[in-house]
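Encoded as structure tokens, the structure appears first; notes follow it.
These figures come from a predicted structure and were not determined experimentally. Letters go in sequence order (proteins before strands), and every chain restarts at 1.
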Protein chains: 2
Amino acid sequence: MCFKEFDEKTKYFMSEALLEAQKAYDRGETPIGAVVVCNGEIVGRGYNKVETSNNPLNHAEMVAIEEACDKLGRWRLFDCEIYVTMEPCVMCAGAIVNSRIKKIYIGARHLKNHVVDKHNEFKREIYDDNKVIFEFGIMGEECSNILNEFFKKRRSEKK
Amino acid sequence: MCFKEFDEKTKYFMSEALLEAQKAYDRGETPIGAVVVCNGEIVGRGYNKVETSNNPLNHAEMVAIEEACDKLGRWRLFDCEIYVTMEPCVMCAGAIVNSRIKKIYIGARHLKNHVVDKHNEFKREIYDDNKVIFEFGIMGEECSNILNEFFKKRRSEKK
């Protein structure tokens, strides 16, 4: 199997997204994290906090996008990239498109629901006029591990 | 052409969503409004305020869902319905699924991007396991009119 090599900068930003995922883990939330980067600087950070905030919209990507808009004082993030530890859900995919972000770096692929097609583009049904670029598998093992560990722990607690 | 008849209650809630759309119109935002209803009572209201809040996530449905969760103190809205003046975008469709809302009443159909297929279900690509019920065309003319008027006004201002 052939893995693409990623540069240090890309791995650094994904490791920051992983730190966010760890915050979710520590609070008993499904551990997913995201950072928004503008001109080489992190302008938004977020982790999944649906349960603790009682808000189904508070996925990592949404929180990070909101923080980036606050910081930059605008809602069009055409010059930003987003790093997220797991392939986004439909809501977050739509939010990324709506916010005009042009590049998404993804750690782990979602096991079931895929928003990205085999041509590495958003599925046509999700967005007709899609020009978002994807990079998959940045620190994919680490991003999967934290999720697997979380679900394993949860299963053992349920027993 | 055959139009389905809607009862007074359905039309009342859509007229409340239209009042929200009017608030967006008055603030120079694309006029879309939504209300979330639980046990016959409005528990969340929202209008599109992307421009005025500098936040691409602040579509009418998102604002209404967030308010409903706040009011009910929970994020699973399985016993709620949402009334929205225009067919939701992908982000909002995903948010509705994530929040477990089971029924969507829609005023106007989106001219271009459709999240609903010809079987009146969410497109499979948008959600694999979809059990959301749709009703289309409630006060469809009024819901379209406010949008048409908004874009007509904007075009004339640009000239």
Practice task
Could you tell me whether the side chain of A:Val90 reaches within less than 4.5 Å of the side chain of B:Val97, counting heavy atoms only?
Solution key: no
Exercise for the section: Identify whether B:Ile101 and B:Val63 are in the same connected component of the hydrophobic contact network (ILVMFWY, side-chain heavy atoms under 4.5 Å). Expected result: no
Exercise for the section: Can you check whether anything in residues 36-54 of chain A gets within less than 4.5 Å of chain B, heavy-atom wise, and list it by number? Expected result: A:Val50, A:Glu51, A:Asn54
Handout entry: Min side-chain heavy-atom separation A:Leu57-B:Asn98 under 4.5 Å
Key = no
Completion exercise
Against chain B, residues from residues 71-82 of chain A with at least one heavy atom under 4.5 Å, in numeric order, are A:Gly73, A:Arg74, A:Trp75, A:Arg76
Problem - A:Asp70 side, atom CG; B:Asn55 side, atom CG - distance, nearest 0.5 Å - result: 7.5 Å
Problem - Over 12 foreign heavy atoms within 6.0 Å of CD, B:Glu157 - result: yes
Practice task
Select one option (side chain, backbone, both, neither) describing which atoms of B:Ala93 are under 4.5 Å from chain A's heavy atoms.
Solution key: neither
Practice task
Against chain A, work out which of B:Ala95, B:Cys92, B:Cys89, B:Cys69 has the most heavy-atom pairs shorter than 4.5 Å and name it.
Solution key: B:Ala95
Exercise for the section: Treating Ile, Leu, Val, Met, Phe, Trp and Tyr as nodes and any side-chain heavy-atom pair under 4.5 angstrom as an edge, say whether A:Met62 and A:Leu19 lie in one connected cluster. Expected result: no
